[in-house]
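Worksheet for the structure shown next.
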Amino acid sequence: MKIATFNINGVKARLPRLLEWLDTFQPDVACLQEIKSVDETFPRMEIEDKGWHVETHGQKGFNGVALISRHPVTDIVRGLPAVDGGVADGDDQSRYIEATVMNVRVASLYLPNGNPRPGPKFDYKLAWMDRLVAHASRLLTVERPVVLAGDYNVIPQDDTDDCHDPAAWVDDALTQPESRARLRALTHLGYLDALRQIHPAGPKYSFWDYQRGAWAKDHGIRIDHLMLSPEAADRLKGADVDRIPRAQEKASDHTPVWIDLAA
DNA sequence: ATGTCAAGTTGCACTTGA
């Protein structure tokens, strides 16, 4: 069972590339972020016509997440709950969708960037991560495979395996101790960083800025992650970055990261 | 030093967010 996460940076601008990638890669589930579309104008029919199931949680202009699946999708949750598990009143940003596919609980998440820092955007990022950790903890009680996939906007480690130039990112919200501590909190709960389980070392970037020729120079960072509950980790067979989409014309600034779970 | 892109709008040139 292949599950991929892909920040597509605008579903309408990327639709031909997205359809090509779905056709080529054939994921069982694709977790999309930054669809930058409301649900009503998401190109649902174009994707459904190729045999996919589509579930979206969009908003106007920015953010927005979606699940695209070869298989039926049930028990959909839209929006990340509050720390206490209730509805997060006052959060109008569409950054989280979760559902069950083939008896695996799969989430597509788009964690706040948090820049500039310090400031309200960084505070929102940390508060959002607190909610994610609390929700991830609750999900463990179902004792079945859980895959939390998405753009975490956190570079896990200060080394060139995760960041082409750690010194250049030292003041960025993506590298702060507070951000990293909350990502580690998922690990302490029992979630596994699937890509680093399969590839413990070596550059595995998933994002390259459009500016300064970052892709051509491989000046990337690793910020797209799939975190696996113990029941999902038991089934982990493979994981990697698919760099092919990033090299194409009209590419997103991210490229897909994927896992393969045993049946 | 600079270099980009997508979406939205009191729109065709700018802002915002990344």
Side-chain angles (χ1 to χ4, degrees), chain A residues 5-21 30-44 46-47 56-66 68 80 91-96 108-129 132 149-156 162-176 178-180 183 205-225 241 243-257:
Chain A
T5 180
F6 189 5
N7 179 322
I8 54 170
N9 187 21
V11 69
K12 298 183 191 79
R14 214 70 59 212
L15 185 59
R17 295 289 89 81
L18 174 63
L19 291 171
E20 287 166 12
W21 172 72
C31 304
L32 305 183
Q33 301 89 36
E34 280 204 271
I35 62 175
K36 297 187 177 180
S37 167
V38 295
D39 297 336
E40 292 73 19
T41 56
F42 188 94
R44 163 184 294 275
E46 291 88 334
I47 299 171
T56 64
H57 182 44
Q59 76 177 81
K60 189 166 75 174
F62 308 108
N63 306 323
V65 288
I68 308 231
L80 183 62
D91 186 1
D92 55 2
Q93 301 192 27
S94 297
R95 296 178 174 274
Y96 190 88
S108 175
L109 65 94
Y110 177 45
L111 214 144
N113 175 291
N115 286 303
R117 178 199 65 87
K121 293 193 173 184
F122 191 60
D123 296 342
Y124 176 68
K125 175 178 196 154
L126 298 184
W128 203 94
M129 293 190 85
L132 179 64
D151 177 357
Y152 279 72
N153 267 315
V154 178
I155 300 170
D162 282 354
C163 178
H164 68 97
D165 182 7
W169 291 82
V170 71
D171 290 323
D172 197 280
L174 277 59
T175 64
Q176 295 313 299
E178 299 92 334
S179 313
R180 287 176 165 161
L183 181 61
Y205 308 144
S206 63
F207 168 91
W208 299 259
D209 201 291
Y210 286 123
Q211 300 188 62
R212 294 174 291 277
W215 166 250
K217 293 186 267 193
D218 200 21
H219 287 179
I221 57 176
R222 188 173 80 91
I223 55 174
D224 298 274
H225 311 302
V241 176
R243 292 170 64 107
I244 293 170
R246 186 62 182 84
Q248 295 176 323
E249 291 295 314
K250 293 284 289 179
S252 170
D253 42 7
H254 295 249
T255 211
V257 183

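If you're wondering where the values come from, they're calculated on a predicted model, not measured in any experiment.
As a whole-Å value, the separation of A/I8 CD1 from B/dA18 C1' is 15 Å. In this structure, A/H219 atom NE2 and B/dG3 atom P are separated by 17 Å, rounded to whole Å. Atom-to-atom, CG of A/N63 to C1' of B/dT16 comes out at 12 Å; the value is rounded to the nearest Å. Across the protein-nucleic acid pair, A/K121 atom NZ and B/dA18 atom C1' stand 9 Å apart, rounded to whole Å. Rounded to an integer number of Å, the gap from A/E34 CD to B/dG17 P is 12 Å. The nearest whole Å value for the distance from the OH atom in A/Y124 to the C1' atom in B/dA18 is 15 Å. Computed from coordinates, the A/K125 NZ to B/dG17 P distance equals 16 Å when rounded to whole Å.
Nucleic acid contact class of A/Y110 (heavy atoms, under 4.0 Å, all strands): sugar-phosphate only.
Where A/G114 and A/D209 meet DNA chain B, the nucleotide closest to each residue was compared, and A/D209 sits on the side nearer the 5' end. Comparing A/P112 and A/G213 against DNA chain B, the residue whose closest nucleotide sits nearer the 5' end is A/G213.
None of A/D224, A/D162, A/T5, A/D151 except one satisfies the side-chain hydrogen bond (donor to acceptor under 3.5 Å, both in side chains) rule with A/S206; the exception is A/D224.
Of the inter-residue distances, the one linking A/I35 atom CD1 with A/R14 atom CZ reads 13.5 Å to the nearest 0.5 angstrom. Remark: A/H57 NE2 to A/Q93 CD distance equals 10.5 Å, nearest 0.5 Å.
With 3.5 Å as the limit, one finds a donor-acceptor pair spanning the side chains of A/N9 and A/K36. Under the 3.5 Å distance criterion, with hydrogens and angles disregarded, no donor-acceptor pair is assigned to the side chains of A/N63 and A/S94.
Using bins of under 30°, 30° to 60° and over 60° for the plane-to-plane angle, the ring pair A/Y152/A/H225 lands in the tilted bin.
Only the P atoms considered, B/dT10 is 26 Å distant from B/dC5, to the nearest whole Å.
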Using atom names, set out every protein N or O paired with an N or O of nucleotides 5-9 of chain B below 3.5 Å, distance rounded to 0.1 Å.
residue, atom, partner, partner atom, Å
B/dA6, OP1, A/R14, NH1, 3.1
B/dA6, OP1, A/K250, NZ, 3.4
B/dA6, OP2, A/K250, NZ, 3.4
B/dG8, OP1, A/G61, N, 3.4
B/dT9, OP1, A/K60, NZ, 3.0

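Between the side chain of A/K125 and the backbone N or O of A/N113, at least one donor-acceptor pair lies under 3.5 Å.
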